[in-house]
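Everything on this sheet refers to the single structure shown next.
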Amino acid sequence: MLERVILIGFMCSGKSTVGRLLAERLGWEFVDFDDEIERAGGLSITRIFRDQGEEAFRRLEARLTRRLTRRRHVVLAPGGGWVTQPDLVELLRPGSLIVWLRASAETIQRRHLEQGVERPLLAVEEPLAEIRRLLAERESYYSAAGAIVDTDELDPLGVVTEITERLRAARRDRPRGRPLTSG
Ligand code: S3P
């Protein structure tokens, strides 16, 4: 049975907003990785990157992932770079529908400016060039998703509707998928 949805995708692709709405629609729990990591350590993501570096942050993502393997009926929104540790993705894949919320570099840049939320990796002189570079670097990781939703032309509720349709289709295709705990 599919008992988890994992939203992957670049920064500002809408994972947190969509995740919250989707969890509400499904009556499931929602876990935002960055929020959870900030709460657990009492430090903002920006501080963790600044004081301890990206590698330390990736270790915190790994620790949180391992803690989530037994959680069911949950929508997960890991940060945009979580997929660069493929072992973590595989750890959660059994029982999960993994959805890539795809967005163009231009859409990401626009949302980043609109949101005004600090992203340490985009605090550079030329954010658009950096978005393009990182997107190209990560594309193959995001492609490991079981479903792709193009979000450029959709609002968050439109994305939620797309995902619930994919979930229904995936359940129809594999009514007796591997149970969550067997992974
Ligand atoms: C990151 C994405 C961020 C956050 C951190 C690193 C990345 O999360 O985890 O700044 O490597 O893409 P969002 O995707 O929620 O912005």
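Since the model is a prediction, treat every value here as computed from it, not as a measurement. In listed order, ligands and their atoms are each counted from 1. As a basis for the values below, the full set of heavy atoms in this structure was taken, side chains included, without hydrogen atoms, waters or symmetry mates.
The option from E61, Q115, R58 that lies nearest to atom 11 (O) of ligand 1, judged by heavy atoms, is R58. Of the candidates L122, D34, L60, the one placing a heavy atom closest to atom 9 (O) of ligand 1 is D34.
Looking at S96 and L2, their side chains never come closer than 4.5 Å, going by heavy atoms from C-beta outward. Using a 4.5 Å heavy-atom cutoff, the side chains of L64 and L60 are not in contact. By the 4.5 Å heavy-atom criterion applied to side chains, L68 and L76 are counted as neighbours. Taking the side chain as every heavy atom from C-beta outward, R4 and L92 approach each other to under 4.5 Å.
Nearest heavy-atom pair across L157 and R25 is CD2-NH2, 3.9 Å. Closest non-hydrogen pair, P120 versus T46, comes out as CG-CA, 4.1 Å.
The shortest heavy-atom distance from R138 to ligand 1 is under 4.0 Å.
Of all protein heavy atoms, the one closest to atom 7 (C) of ligand 1 is G81 N, 3.3 Å. Annotation: atom 10 (O) of ligand 1 to nearest protein heavy atom, P120 CD, 3.6 Å.
Inclusion of K15 in the set of residues having an N or O under 3.5 Å from an N or O of ligand 1 is warranted.
The ligand atoms of ligand 1 that sit less than 4.0 angstrom from a heavy atom of G79 are 8 (O), 9 (O), 14 (O).
Residue F49 touches ligand 1 through its side chain alone, judged by heavy-atom distances below 4.0 Å. Under 4.0 Å from ligand 1, the heavy atoms of R119 that appear belong solely to its side chain. Residue contacts with ligand 1, taken as heavy atom pairs separated by less than 4.0 Å, involve F57 solely via side-chain atoms from C-beta onward. At a heavy-atom cutoff of 4.0 Å, ligand 1 is contacted by the side chain of L121 but not by its backbone.
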- Applying salt bridge (Lys or Arg N to Asp or Glu O under 4.0 Å), run through R168 and E165 and close with a yes or a no. CA-CA 5 Å; R168 210 170 298 137; E165 276 164 19; 5.4 Å; no
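Using cut-offs of 30° and 60° on the angle between ring planes, the pair F57 and F49 is tilted.
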